[in-house]
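Numbers restart at 1 for each chain; the letters A, B, ... are given by sequence-line order, proteins then strands. Side chains are part of it too, since the values below use all heavy atoms of this structure and drop only hydrogens, waters and symmetry mates.
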Amino acid sequence: MNLAYRFTLFVTGQTPRSQRAIANLRALCEEQLPGAYELNVVDVLEQPDLAERARVLATPTLVKDLPPPPRRVIGDLSDRQRVLFGLDLELPAGGLGEASA
Amino acid sequence: MIAQVEKLPTGIAGFDFVTNGGLPRGRTTLVAGTAGSAKTVFAAQFLVEGIRQFREAGVFVTFEESPDDIRRNFGSMGWDIAAWEREGKWAFVDVSPVPGEQPVEAGSYDLGALMARIEAAVRRTGAARISIDSLGSIFLQLSDEAVVRRELFRVASVLRTLGVTGVITAERLDEYGHISRHGVEEFVADNVVVFRNVLDGEKRRRTLEVLKFRGCTHQKGEYPFTIAPGDGLVAIPLSAIELEQHSSNVRITTGSQALDEMTGGGFFRDSIILASGATGTGKTLLTSEFIRGGCERGERCLLLAFEESREQLFRNAAGWGMQFERYEADGVLRVACAYPESASLEDHLIHMKALVREFRPQRVAVDSLSALERVSSMKGFREFVIGLTSYIKHQEVAGLFTATTPTLAGGESVTEAHISTITDSIIMLRYVEIFGEMRRGLTVLKMRGSPHDKQIREFNIDRTGMHIGRAFRGVTGILTGSPRQVPVSELERLDQLFPEA
């Protein structure tokens, strides 16, 4: 399966903020990119080397690995407009899912 | 009794002296300075010396330059950071901005990733030292200042729990103003060192000052430092040098038999001699005689010249029948010429010390010391002279410095005023006008630890060098610069006034 979108979300432990970020991202992806995305969640406490490699400073940090260009969004992703803007996602009204259906 | 905070020696030359033993162990010290004040050099060298001298690993957290830039920049200092990384002695935590990738902020965040990465790097390398350069830059990467401030307190406390000794650099806007931009000092308020890079009479002068070390002692005030290739930052705690030189009773020749007699048997081996006089009174000649006296006896002599070029010096010497070329070929003479303006005094000092260390001379001559006055402030010059004399004495070599007096007839030069108390011997060279003719006079003004001739002797210069003759008779007021003939009858009367005991 060739997924168009791949995201990595860096969080610190199971804090409420981490969980909020994960939930916000899942909701957004399910709504906008159903079936077209892959999401990795990295806990920097468990895998600090991955955070080092990706040069992550703050958590949560969302990194869009694919498609290029790479984009980053910092925060718990509660501001959806900012998230979309930050990820450089030009989405048609109603989301990608509907448009492709 | 309250326990003193233990210090961790940094291994940086001079810095451990200024800090009374190093940085407070297990704590974090803020190093604040303006752009170009060598904060990053210090931050890196703190780790470098830990690796080289104490087998302590280090973590470098960089907010500004990329690790690649740092490896390359410090490669020119002779630091092979990449090799230390392979050996697990050095680890980077790279927080430098990703080019072209300005992250968008959408919601609340913290610096958990940064802390996790620092902690992981410290644990992986077993680091005892950490440098964070420069903390203020984090405010440029993240927009929520309140969050960053709150989080920096946590970073500081994480460092404490890790037990590492830390250096955090921060940018300042003014040399003498707020400690740092963004108020970074709030987070690491216990220990603050300030680096300055001040324009002082058209010359850059680097200084460092320990502003505070909570719970432990340190030297106070600004200390000059310089950046030397290979050595990195070298602090020069001149005014803190202790007077603990040995003194020797061994005499060495002045290069002139008559002067040997006048000084009661020659200069002492580890003494500092100042030769002072107006231009053309024969200071360079006296220096050359001093060099010849050493070289002819197989002693290594180092001549540091700041007024004349090598060719001029050699030609002068040849004119007095001295073969400097031969001495040099025999390996007993080293001549180093430099314009005073070619470097700052601190750099001159480092360079001179390096020459002395390398050549191991038994005699050092500086012609002239007063030429170096031009390139520095009074305070800087005084510190330089103290640093130089104490270093030379420490090496147990004889040092001859010359100083040019501003007026032809005499008077005091600034150099004299600054160093006369440090010198062991002072020789004065003066013009003496007698019946419309300029003649040259010489006197031993001071000879610490020995009796000496107190007469003012006339000397001549010819193709074989300096010839000291008889004392001036019938002249008074030479030293003050207004020689006056005294009638013979009056002389006889004076003689009778003070009959020899």
Short side-chain to backbone donor-acceptor contact, A:Arg71 and B:Val104, under 3.5 Å:
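No: the side chain of A:Arg71 does not pair with the backbone of B:Val104.
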Among B:Gly107, B:Ala121, B:Ser108, residue most engaged with chain A (heavy-atom pairs, under 4.5 Å):
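Option with the greatest count: B:Ser108.
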Pick one of side chain, backbone, both or neither for B:Glu151, based on which atoms fall under 4.5 Å of a heavy atom in chain A.
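Looking at B:Glu151, nothing touches chain A.
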For a quick test of your reading: what N or O donor-acceptor pairs under 3.5 Å do the side chains of residues 87-99 of chain B make, sequence neighbours left out?
residue : atom : partner : partner atom : Å
B:Glu87 : OE1  : B:Lys89 : NZ           : 2.7
B:Asp94 : OD1  : B:Ser96 : N            : 3.0
B:Asp94 : OD1  : B:Ser96 : OG           : 2.6
B:Asp94 : OD2  : A:Arg55 : NE           : 2.9
B:Ser96 : OG   : A:Arg55 : NH2          : 2.8

For A:Ser78, which atoms come within 4.5 Å of any heavy atom of chain B: side chain, backbone, both, or neither?
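The answer is both parts of A:Ser78.
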What part of A:Arg80 gets closer than 4.5 Å to chain B, counting heavy atoms only: side chain, backbone, both or neither?
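Neither the backbone nor the side chain of A:Arg80 comes within 4.5 Å of chain B.
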Is there side-chain contact between A:Pro48 and B:Glu119, with heavy atoms separated by less than 4.5 Å?
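No, every pair of side-chain atoms sits at 4.5 Å or beyond.
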So which atom in A:Leu45 and which in B:Ala116 form the shortest heavy-atom distance, rounded to 0.1 Å?
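Distance-wise, the nearest heavy atoms are CD2-CB, 4.0 Å.
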What's the shortest heavy-atom distance between A:Thr12 and B:Gly112, and which atoms?
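Closest approach of A:Thr12 to B:Gly112: OG1-CA, 3.4 Å.
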Who wins among A:Ser18, A:Gly86, A:Pro60, A:Ala51 for the most heavy-atom pairs under 4.5 Å with chain B?
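If we count pairs closer than 4.5 Å to chain B, A:Ala51 comes out on top.
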Just wondering, are more than 12 heavy atoms of other shown residues or ligands nearer than 6.0 Å to CZ in A:Phe85?
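No, not enclosed.
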To the nearest 0.5 Å, what is the distance between CE on B:Met115 and CG on A:Leu57?
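If we round to the nearest 0.5 Å, B:Met115:CE and A:Leu57:CG are 9.5 Å apart.
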Point-to-point distance, once rounded to the nearest 0.5 Å, from CD of B:Glu105 to OG1 of A:Thr61:
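Reported to 0.5 Å precision, the distance equals 9.5 Å.
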